[in-house]
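Heavy atoms only: backbone and side chains are in, while hydrogens, waters and symmetry mates are out. Remember, it's a predicted structure, so these values are computed and weren't measured experimentally.
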Number of protein chains: 2
Amino acid sequence: MKTPAEPLFTPPPTTHNHQQCVHNALKTAETLCVERGVQLTSIRHQVLELIWESHKAVKAYELLDRIKPLQNAAKPATIYRALDFLITQGLIHRVESLNAFVGCRCSGRQHEQLLLICKQCEEVEERTASQVMQALAEEFQRAGFTAHSKAVEVHGLCQRCAGLSSE
Amino acid sequence: MKTPAEPLFTPPPTTHNHQQCVHNALKTAETLCVERGVQLTSIRHQVLELIWESHKAVKAYELLDRIKPLQNAAKPATIYRALDFLITQGLIHRVESLNAFVGCRCSGRQHEQLLLICKQCEEVEERTASQVMQALAEEFQRAGFTAHSKAVEVHGLCQRCAGLSSE
DNA sequence: TAGAATGAGTTATATTATATCATCTGCTCC
DNA sequence: GGAGCAGATGATATAATATAACTCATTCTA
């Protein structure tokens, strides 16, 4: 049931050790869920693992297709429920502008980050961007607005892709 | 064909003169389209007008329902094409986190604004927030990211609604 | 007048997401 | 042990959002 999933994706061409990266993310998730007394069930774990296969944002129905070999009975609701759980626990981000989901690197803590989405390699980089958040807070102050949740998403070219295309 | 549309909505309880506000928006749109040599056709004008009926973000299928009395043949594509046009011309914003659309107050110019979305009255306030944009630009610099388009959307309570609920 | 460009009509379908009710599983309390 | 509860999942259906692809009409202009 907890098959490590076939490498259905092209690993990111970055130099980072992705296997380690995924391993950390899953371990952190497991620990956090224990601490919080919530259940990282088999399905939820599998969905999280599938999301972490790459640093690209993944669509819900893509996850559904990929999880079917492991969970024959999987239906849209299966995926959406798992996604809800993972979002609530701060383990993944929903990328609003793509209707897609990406693993959260700062698992479970601060969950409102700047997302930099590369149009070319499609990878999503998450940044804390405290100065941006600070400027936002000041703007809310001026506007008399009480913020509950933020989505700060930027599309463009990541450093690597911009470098390649300008050569 | 250019019926001013029945008041299907509750006008915003703000003190502003909404009729004037809509009038300005439409006039500006008309002028801009002439300047740019693009056609603000009857359908496009109607959709823009419907969007401006309130300061809430409107769903595409809501627009479809509302435009049907005026454009009997209207289909989803009718609306989505008009929306595409209006977005391209910078006359409306797409609110990514709601899959909805709202009139743009800074028509046609700077089109990347901070959107403050009230969970209670549902109105969307648009702010230029140059300090936020500046902080974003600096963050892109640090990340080596080339930004093409931004969505900065915040959900919460507007001043008015926060005031009311805290009384 | 042919042909390109643009907008709109029409039909079909793809994609994304939720509602609802039934069932199962593990736990607690008696 | 069994009743009852809560949380998770199964199963079915359908809602909501969005696009594709082809046609036709209009306008402009070469």
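For B/Gln71, taking side-chain heavy atoms from C-beta onward, the closest of the listed nucleotides C/dG9, D/dT19, C/dA17 is C/dG9. Closest contact between the side chain of A/Ala77 and the listed nucleotides D/dA11, D/dA18, C/dT10 involves D/dA11. When distances run from any side-chain atom of B/Ala73 to the nucleotides C/dT10, D/dA18, C/dA8, the shortest one goes to C/dT10. When the nucleotides D/dT17, D/dT9, C/dG9 are ranked by their closest atom to the side chain of B/Thr78, C/dG9 comes out on top.
For the pair A/Asp84 CG and C/dT16 P, the interatomic distance rounds to 16 Å; values are reported in whole Å.
The pair B/Arg127-A/Glu139 counts as a salt bridge, with a side-chain nitrogen and a carboxylate oxygen less than 4.0 angstrom apart.
Side-chain N/O atoms of B/Arg81 and base N/O atoms of C/dG9 include a donor-acceptor pair closer than 3.5 Å.
Side-chain contact of A/Gln113 with A/His93: a donor-acceptor pair under 3.5 Å is absent, judged by distance alone.
In this structure, B/His55 has its ring center under 6.0 Å from that of B/His16.
For the pair A/Ala74 and A/Tyr61, nearest-nucleotide mapping onto DNA chain D gives the more 5' position to A/Ala74. Residue order along DNA chain C, read from the 5' end via each residue's closest nucleotide, puts B/Lys75 first among B/Lys75 and A/Lys59.
Using modelled atom types, one side-chain atom of A/Lys75 and one backbone atom of A/Ala73 make a donor-acceptor pair closer than 3.5 Å.
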